[in-house]
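Per chain, numbering begins at 1; letters A, B, ... match sequence-line order. Only this structure's heavy atoms are used, side chains among them; waters, hydrogens and symmetry mates stay out. On a predicted model such as this, the values are computed, not experimentally measured, just so you know.
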Amino acid sequence: MDRPALVARVAAWYAAHARPLPWRAPDCTPWGVMVSEFMLQQTPVVRVLPAWEAWLSRWPTPAALAAEEPGEAVRAWGRLGYPRRAQRLHAAAIAIRDEHGGAVPADLEALRSLPGVGEYTAAAIASFAHGRRHVVLDTNVRRVLSRLEGGQQYPPATLTRGERERAAAWLPESDADATAWAASSMELGALICTADAPRCDACPVQEACVWLVAGRPAWDGPPRVGQAYAGTDRQCRGVLLGALRTADAASDDTLLALWTSDPAQARRALASLLADGLVRRRPDGSVTL
DNA sequence: CATACGTGGGC
DNA sequence: TGCCCAAGTAT
């Protein structure tokens, strides 16, 4: 089976099995798509759902968000994680208001220039919000192609040129087919071709999967590095930020008292939050979002 | 190119 | 119980 035939199979599977996510609804605005893409960067769909609804109700347009203080965006981000994404989304909203007439750009380069919009997100917004044809290569698609055509259980640790070329070879010719492929290949990776315990028996392209046909050989590449968290600066920053989300403001001492295992680390974390602009110092000396 | 950057659910 | 993972970006 050639690639177009496999693409068609995935499209048919998608039509029958895709999740009815609100940012994929026909009436969802480009801004709604953009907000979803920011929230979905490293955060699971189930946790994004309620936050996305609340965010769009409160800030239905880029201009609405741009009119707010960035600290409000960080507070509304809640516990989605990586709060700098909220900060960048706010900054992107300002750029859209000031440089794009308030409309989310459709041009890839214009999108890339926005804070927090990298290679993947730019292609995703152009594709899902504007129907443009682009290679949309996220962790799901990388894994799907790695298995389906590469015969490897996992893709390389960092996105390679070879992966981009392979993905380009799969991209259908028309805008409509390309955007459908982007959405369906991602969904396949999210629901069937998962990182662990993939449901190959339910896969629409199982006969063509090199990895499956080879007997699902175990990963034999370099050991994949995990993400440490307990005791890290990241966790410490999260604790301090968590307190600030529910308080109007706090003193340094109050904040530092939240992390007693390593006082020096706590001071460093507070300093880095200030330096990142995630936290700001008020005239009275207290700190706030 | 490797590393820092939050958070919580599942096994 | 830890360890792995989740629609990445910026440096």
Undergrad: Given the rule in the side-chain contact (heavy atoms from CB on, under 4.5 Å) test, do A/Val45 and A/Trp23 qualify, once you have shown the distances and angles that lead to the verdict?
TA: CA-CA 11 Å; A/Val45 167; A/Trp23 44 85; 4.2 Å; yes
Undergrad: Given C/dC5, C/dT9, C/dA6, identify the nucleotide with an atom nearest to the side chain of A/Thr121.
TA: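 From the listed options, C/dT9 comes nearest.
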Undergrad: Can you check the distance between B/dG8 and C/dT1, where both ends of the measurement are the C1' atom (answer in whole Å)?
TA: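 So the two C1' atoms sit 16 Å from each other.
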Undergrad: Expressed as a whole number of Å, how far does the P atom of C/dG2 sit from that of B/dC5?
TA: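 To the nearest whole Å, 23 Å.
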Undergrad: Using the C1' atom as the reference point in each nucleotide, state the distance between B/dC1 and C/dA10 in Å, no decimals.
TA: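 Roughly 13 Å separates the two C1' atoms.
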Undergrad: Select from A/Thr43 and A/Gly118 the residue whose nearest nucleotide in DNA chain C is closer to the 5' end of that strand.
TA: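 Between the two, 5'-proximity favours A/Thr43.
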Undergrad: What's the OH-C1' distance between A/Tyr82 and C/dT9, to the nearest Å?
TA: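 It works out to 10 Å between those atoms.
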Undergrad: Please report, rounded to the nearest Å, how far the P atom of C/dT9 is from the CZ atom of A/Phe38.
TA: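 Taking CZ of A/Phe38 and P of C/dT9, I get 9 Å after rounding.
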Undergrad: Can you tell me if A/Arg161 has over 12 outside heavy atoms packed within less than 6.0 Å of its CZ?
TA: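 Incorrect, the count does not exceed 12.
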Undergrad: Send over the distance from A/Leu21 CG to C/dA7 P, rounded to a whole Å.
TA: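 In whole Å, C/dA7 P lies 11 Å from A/Leu21 CG.
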Undergrad: Answer with base, sugar-phosphate or nothing: what part of the nucleic acid does A/Arg19 contact at a heavy-atom distance below 4.0 Å?
TA: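 A/Arg19: base contact, heavy atoms under 4.0 Å.
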Undergrad: Measure the distance from CG on A/Leu240 to P on B/dG6 and round it to the nearest whole Å.
TA: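 Interatomic distance, CG of A/Leu240 to P of B/dG6: 11 Å.
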Undergrad: Could you go through the side-chain contact (heavy atoms from CB on, under 4.5 Å) check for A/Trp211 and A/Gln152 one step at a time?
TA: CA-CA 6 Å; A/Trp211 182 61; A/Gln152 299 295 314; 5.9 Å; no
Undergrad: Mind calculating the distance between CZ (A/Arg142) and C1' (C/dA6) to the nearest angstrom?
TA: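 That distance rounds to 14 Å.
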Undergrad: Closer than 4.0 Å, any side-chain N/O of A/Arg84 to the OP1 or OP2 of C/dT9?
TA: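 For A/Arg84, the contact criterion (side-chain N or O under 4.0 Å from OP1 or OP2 of C/dT9) is not met.
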Undergrad: Using whole Å, report how far CZ of A/Arg234 lies from P of B/dT3.
TA: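 My rounded result for the distance is 13 Å.
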Undergrad: Using a cut-off of 4.0 Å on non-hydrogen atoms, how would the nucleic acid contact of A/Arg79 be classed: base, sugar-phosphate, or nothing?
TA: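 The residue A/Arg79 makes sugar-phosphate contact but no base contact.
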Undergrad: C/dT9 phosphate, OP1 or OP2: any side-chain N/O from A/Arg112 under 4.0 angstrom?
TA: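 Answer no for this pair, as no side-chain N or O of A/Arg112 is under 4.0 Å from OP1 or OP2.
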Undergrad: For C/dC5 and B/dG6, measure between their C1' atoms and round to the nearest Å.
TA: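 The answer is 13 Å between these two C1' atoms.
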Undergrad: Just checking A/Asp233: base, sugar-phosphate only, or nothing, at a heavy-atom cut-off of under 4.0 Å?
TA: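 It contacts sugar-phosphate atoms only.
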Undergrad: Using only atom types and a distance under 3.5 Å, with no angle test, would you say the side chain of A/Glu37 pairs donor to acceptor with the backbone of A/Val33?
TA: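 Absent.
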Undergrad: More 5' along DNA chain B: A/Tyr229 or A/Thr158, using each one's nearest nucleotide?
TA: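 Its nucleotide being nearer the 5' end, the pick is A/Thr158.
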Undergrad: Using a 4.0 Å heavy-atom cut-off, does A/Arg47 contact any base of the nucleic acid, only the sugar-phosphate backbone, or nothing at all?
TA: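 Here A/Arg47 touches the bases of the nucleic acid.
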Undergrad: Run the side-chain contact (heavy atoms from CB on, under 4.5 Å) test on A/Arg147 and A/Gln153 for me, step by step, so that the C-alpha distance in whole Å, both residues' side-chain angles and the decisive distance to 0.1 Å come before the verdict.
TA: CA-CA 5 Å; A/Arg147 291 173 180 171; A/Gln153 183 173 200; 3.9 Å; yes
Undergrad: If the P atom of C/dC4 is compared with that of B/dT3, how far apart are they to the nearest Å?
TA: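 One P to the other, the span is 16 Å.
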Undergrad: Describe the nucleic acid contact of A/Leu80 in one word from base, sugar-phosphate, nothing, applying a heavy-atom distance below 4.0 Å.
TA: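 Base contact.
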Undergrad: Rounding to a whole Å, what distance do you find between A/Met186:CE and C/dA6:C1'?
TA: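 Distance check: A/Met186 CE to C/dA6 C1' gives 11 Å.
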Undergrad: Provide the closest heavy-atom pair for A/Leu274 versus A/Arg281 in the form atom of the first, atom of the second, distance.
TA: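 Heavy-atom minimum between the residues: CD2-NH2, 3.7 Å.
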Undergrad: Base, sugar-phosphate, or nothing for A/Val46, non-hydrogen atoms under 4.0 angstrom?
TA: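 It contacts nothing in the nucleic acid.
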Undergrad: Evaluate salt bridge (Lys or Arg N to Asp or Glu O under 4.0 Å) for A/Glu109 paired with A/Arg112, printing each intermediate quantity in order.
TA: CA-CA 5 Å; A/Glu109 287 317 302; A/Arg112 276 300 317 250; over 6 Å; no
Undergrad: Which part of the nucleic acid does A/Ala195 contact within heavy-atom distance under 4.0 Å: base, sugar-phosphate only, or nothing?
TA: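 Sugar-phosphate contact only - A/Ala195 comes under 4.0 Å of backbone atoms but never of a base.
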Undergrad: With sugar-phosphate meaning primed atoms plus P, OP1 and OP2, does A/Trp77 contact a base, only sugar-phosphate, or nothing at under 4.0 Å between heavy atoms?
TA: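 The answer is nothing, as A/Trp77 stays clear of every strand by at least 4.0 Å.
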Undergrad: Rounding to an integer number of Å, can you tell me how far A/Gln227 CD sits from C/dG8 C1'?
TA: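 Going from A/Gln227 (CD) to C/dG8 (C1'), I get 11 Å.
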Undergrad: Give a yes or no on whether a donor-acceptor pair under 3.5 Å exists between the nucleobase atoms of C/dA10, that is its base, and the side chain of A/Glu119.
TA: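 Counting by modelled atom types and ignoring angles, no donor-acceptor contact under 3.5 Å is found here.
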Undergrad: OP1, OP2 of C/dA7 versus side-chain N and O of A/Gln41: anything below 4.0 Å?
TA: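 Result: no.
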Undergrad: Using a cut-off of strictly less than 4.0 Å, decide whether A/Arg85 has a side-chain nitrogen or oxygen near OP1 or OP2 of B/dA4.
TA: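 Indeed not, no polar side-chain atom of A/Arg85 lies that close.
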Undergrad: If I pick the C1' atom on C/dT9 and the same atom on B/dG9, what distance separates them, to the nearest angstrom?
TA: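 Rounded to whole Å, the distance is 24 Å.
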